[in-house]
**Q** 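Handing you a structure now.
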There are 2 protein chains.
Amino acid sequence: MINTTRLHKLMDDFIPHGGTPDGGMHRLTLSAEDGAARDHLAAWFTEQEMTLTVDRMGNMVGLLDWAGPDAPVVMTGSHLDSQPRGGRFDGAYGVLAACEAVQAVREEMAATGKAPRCNLAIVDWTNEEGARFQPSLLGASVYTGMMTAEDALSRRDGDGITVAEALKDIGYDGRDKNFPYPQAYIELHVECAKVLEANGQHFGAITRHWGAVKYRLAYIGRQAHTGPTPMADRHDALLGAAHLISALGAMPARAAGTLHTSVGRLEVSPNSPNVVPGEAVMFLELRSPDQAVLDWAEAEMLAAADVGAEIARVTHETRFIDRRPVGYFDEGLVALATDCAAELGHGTMRLDTIAAHDGICMIPICPSIVVNVPSVDGVCHHPSEYTAPDDIELGVEILARMLYKLCDEGLDVLQGKA
Amino acid sequence: MINTTRLHKLMDDFIPHGGTPDGGMHRLTLSAEDGAARDHLAAWFTEQEMTLTVDRMGNMVGLLDWAGPDAPVVMTGSHLDSQPRGGRFDGAYGVLAACEAVQAVREEMAATGKAPRCNLAIVDWTNEEGARFQPSLLGASVYTGMMTAEDALSRRDGDGITVAEALKDIGYDGRDKNFPYPQAYIELHVECAKVLEANGQHFGAITRHWGAVKYRLAYIGRQAHTGPTPMADRHDALLGAAHLISALGAMPARAAGTLHTSVGRLEVSPNSPNVVPGEAVMFLELRSPDQAVLDWAEAEMLAAADVGAEIARVTHETRFIDRRPVGYFDEGLVALATDCAAELGHGTMRLDTIAAHDGICMIPICPSIVVNVPSVDGVCHHPSEYTAPDDIELGVEILARMLYKLCDEGLDVLQGKA
C-alpha cells in the first residue's frame, strides 16, 4: 500500500533538524531544532490539506476530517523530540510513518471509491523524552488528564527555562481548544530492546508496559575546602549519592530479571574540583513488570539512601516522585495488528515495553496500542540507533493496513477481535 | 601601624564585585566580577602612584619603586578570585591587607624620615582557586616556571572558553615583560582550618605544606535507554565512578589523619534522566603530609578504579595528573613573623597547610611564607566563611611590621634569623 520512496525521502528531509554528523539526532524538545521540525510537519499538514491544531502544551495534531464531524477519530503518531545526542528513529519514525500511512490510505480509498468511516489524525506529542524537562510523556500526560497544564508548563529545564517560556520561544504556545479526541490510538515505534531481533522476528505488538517509580532525590551536605577540612568534619553530598548509586546498581541481581535500576542524571553543586560538594541531586529510576517487585525495590532504595546519608554525614530529601503502574494495551488492536502482519507473511510477537511511550497515556482514553519493528542490537538513545529499511517499510505498511481497515470497516472491527 | 578604618573600608569596597546576599562571594577567575575587582585594584595602584604590570597570565603587580632600581623587591598579596558561591576572605583578604600594609609602611617611613632598602610589590595572582580552570595556582605556576604559558592559556572552562579568551574578554591579556621578580614573598591568608581556633591562638606561620595528587579520571561506558536496556547489557559510566567515589571516601580511615581524599567535581554525560551515562569524569584529589602515604593512596585509588570499571563493565582513562610534593617555607620569614607577632603580645603557631597557596609556587624562587589568622570554625569555600575584625586587623598589623622591618633593615634581617 505504501510508497517506500516517498517514505524514505520524508524521513531524510527531517534529518537536518538536529541530525548530528555521527548519524545521531540532537533534537531536544522545544529547542530550535524541534521548532524547525515542527514547522516542517505543520507545512506538510497544510500541503495535505489537513487541519493543524496546537494545544497549550504544544501537542500538534493534523486532522484529516474526511468522514464528517460525527465520525470517530483514529489517531496515530509519536514524538519528534530526541534525547541529547540520541538516535534518528526513536519517536520521529512514528510521526513520519503516520504521514506516509495516511497518504497511502487516502490513495487506496480513492482508488476503491469507498467512503471512509473514520477521520484520521496525526499527532506529535511534546516532550516524550523527558530529557530537557521532567517528567517524560509531558504533553500526552496533560492531554489525558494525568497532569495539570499549570504544573507541566511551570517545569524548568537545567537553565531555569520553563516549558511555557520554551513553547513561546519557538511559537508553539498553542491556544486551540478543539484538539481532537480519538476513539482509537496507534503508535509505531522502534523496539528499543532486542527481543524481536533475538527471536528472528520483524514485528511486535506491545501488550503490557512495565511499571516505573522515578525519584528526584537530593543529598544535602555542606560546601567546604577539599584540602584542609578534616575528613571527620566533612559532609560530602556526592559521597552519599555514590553509595546509593552503587546500591541501586547491585539491586537487579536480587530480582531475577524483573528489575531495572538507573541513575541517568546527577547534579553536583557547586561541582568545583576544590570544594566538597554541598548538594547532589539524583534522578533515579526503578522499573519492573511486577508491582510487588517495584514496591520492594522502592523500600530497598530508601533504606540504601539512609545508609548513604549516614556514611557521608549528610541528609537527603525527596523532591519529586513519579509512579507509573504496570498496564495493558488493547487486545482488539493487537488482533488487528496481527491480522495485518499476517497478510504480509509476518508473525506478531507479543512484547512488553519497559520504555515509556505516549501510547501508555492513551490507555485510559481509548483503545490504544504501540507496535514495534526491530532496532539493531536493541540500541536506543544513542547515535548508532538504527532500523533497517526493510523493517522501516514493514512497520509503515502494517500501520497503513490497520488504518485502512478501520477507515473501511469502522471501529466495530475492534470489538469482534478483542 | 595600620589604619583599621581604612582597611575595613577597602575590604567593604570590594564586596560588590561578586558578593552574594548570604554574605558569600561568587567571583570566578576572569569573570566579569573578577574584571571589576581587578579594575578597582588597578585604579588603587594608580591612586597610590604604584606602577601596574600585567603579564600574559593576567597576574597583576603594583610596584612601589621607592628604593631605586637595584634594591630588592619584597612582594606581598594573594588572589582576588573565589570559589563559586565561596567566601569573602579567602584570597581577597591577602590582597587588600597588602594594600593597607604598604600604605602603613609608607606612612611610617615618611614619619621617621628613613630611606627604604626594599621596593614593595602587591600581587593579585590569576586563578588561584582552580574552580573555573584547572589546575589551581595557574598564574603563579606559570610565573615561577612550573608550567608553560602556552599550556596554561589553552586550558578550558566548562563552557569550552580558554584562559586566553577569558583574559581577553576582561582586558587582562597582559603584555608586560618587566614583571617584577621578588627577593622575598609574604602572603597573608585566613587559615581554612581550625587549628588556631582549637588552640586559642590568633596567628600562625605555615612551615610545611602537604603534598597533593590530583587526577582527572574518566569512566567511559555506553549511552543506552535506562528503561528497556537489560541490566547485563549496560555499561554505566556513573556506576563505575560511584564505586570509586565510595572507595575514596573510605580510604582516609586507614591512614590515621594523614590522608584527605575528595571528588569535588563530577561531569556526567549526557546527564539525561532516561539515558544510561556514557561518560563520567571525576576530579579527584589525594592529600597528605607524608609522601609514602600519598604513594600508597594513589596505588589504592588506581586499584579501586579498576574494580569500579569491572563492576560497571566500563573502561577508565586518566586525562590529567597534577602532583605537588610536600614542601617547606622559609625559616627566616617564620622568625620575622614570630618577632612581629611577639611585639603585639601574640604567639606564632607553626602550622601545616593542606590547601594550596600561591606562596607554595614561590618557594623555589625566593624566601616565601604564608601566614594565617583564624577563620571561624575553620570554614573556607562557603558563604559563611568569616574572620573576626580583631583577627583581620592583627594579621594586617603583623604583615605591615614585617614589611617595615624588611624596608628598614633590608633582607639581611632574614639571614640572621633563619
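Per chain, numbering begins at 1; letters A, B, ... match sequence-line order.
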**Q** Among T261(A), L248(A), L244(A), single out the residue with the greatest number of heavy-atom pairs under 4.5 Å to chain B.
**A**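 Sorted descending by pairs with chain B, the first entry is T261(A).
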**Q** So which of S246(B), S136(B), A193(B) has the biggest tally of heavy-atom pairs under 4.5 Å with chain A?
**A**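 Most heavy-atom pairs under 4.5 Å with chain A: S246(B).
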**Q** Out of L266(B), D90(B), D236(B), which one racks up the most heavy-atom pairs below 4.5 Å with chain A?
**A**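 Most heavy-atom pairs under 4.5 Å with chain A: L266(B).
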**Q** Could you tell me whether the side chains of S288(A) and D290(A) share a donor-acceptor contact shorter than 3.5 Å?
**A**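 The answer is no; no qualifying pair exists.
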**Q** Does any backbone or side-chain atom of V379(B) lie under 4.5 Å from a heavy atom of chain A? Answer side chain, backbone, both or neither.
**A**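 Contact with chain A is through the side chain of V379(B) alone.
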**Q** Relative to chain B, which of V268(A), D352(A), T353(A), L239(A) shows the most heavy atom pairs under 4.5 Å?
**A**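 Between V268(A), D352(A), T353(A), L239(A), the count favours L239(A).
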**Q** In terms of heavy-atom pairs under 4.5 Å, which option from H225(B), Q223(B), R222(B) contacts chain A the most?
**A**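 Max contact count across the listed options: H225(B).
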**Q** Side-chain contact test, heavy atoms from C-beta onward, threshold under 4.5 Å: evaluate it for N274(B) versus Q83(A) and give yes or no.
**A**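 The answer is yes, as the side chains (C-beta and beyond) meet within the 4.5 Å cut-off.
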**Q** Check whether V276(A) gets within reach of chain B through its side chain, its backbone, both or neither, counting any heavy atom under 4.5 Å.
**A**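 It is neither, since no heavy atom gets under 4.5 Å.
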**Q** Under 4.5 Å, counting heavy-atom pairs only, tell me which of G249(B), A224(B), A355(B) racks up the most with chain A.
**A**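 When all of G249(B), A224(B), A355(B) are compared, A355(B) has the most.
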**Q** Drop me the distance from H316(B)'s NE2 to L217(B)'s CG, to the nearest 0.5 angstrom.
**A**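 CG of L217(B) is found 6.0 Å from NE2 of H316(B).
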**Q** Would you mind telling me which of D159(B), D81(B), D157(B) makes a salt bridge (charged side-chain N to carboxylate O under 4.0 Å, His left out) with R132(B)?
**A**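 Filter result, single survivor: D157(B).
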**Q** Name the option with the most non-hydrogen atom pairs under 4.5 Å to chain A; the candidates are H260(B), R216(B), H243(B).
**A**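 Top option by heavy-atom pairs under 4.5 Å: H260(B).
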**Q** So, R85(B) versus S269(A): side-chain donor-acceptor pair below 3.5 Å or not?
**A**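 Yes - a donor-acceptor pair under 3.5 Å links their side chains.
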**Q** Of the backbone (N, CA, C, O) and the side chain (C-beta and beyond), which part of L259(B) lies under 4.5 Å from a heavy atom of chain A, both, or neither?
**A**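 Backbone only.
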**Q** Would you kindly say whether E285(A) and T226(B) are connected by a side-chain donor-acceptor distance under 3.5 Å?
**A**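 Their side chains do contain a donor-acceptor pair, which is all the 3.5 Å distance test asks for.
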**Q** H79(A) and E128(A): side-chain donor and acceptor closer than 3.5 Å?
**A**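 Present: a donor and an acceptor within the cut-off.
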**Q** What part of P252(A) is in contact with chain B, defined as an atom under 4.5 angstrom from a non-hydrogen atom: side chain, backbone, both or neither?
**A**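 For P252(A), the side chain is the part near chain B, not the backbone.
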**Q** For side-chain contact (heavy atoms from CB on, under 4.5 Å), just list the numbers for D322(A) and V213(A), CA-CA rounded to whole Å, side-chain angles, deciding distance to a tenth of an Å, and then say yes or no.
**A** CA-CA 6 Å; D322(A) 178 35; V213(A) 177; over 6 Å; no
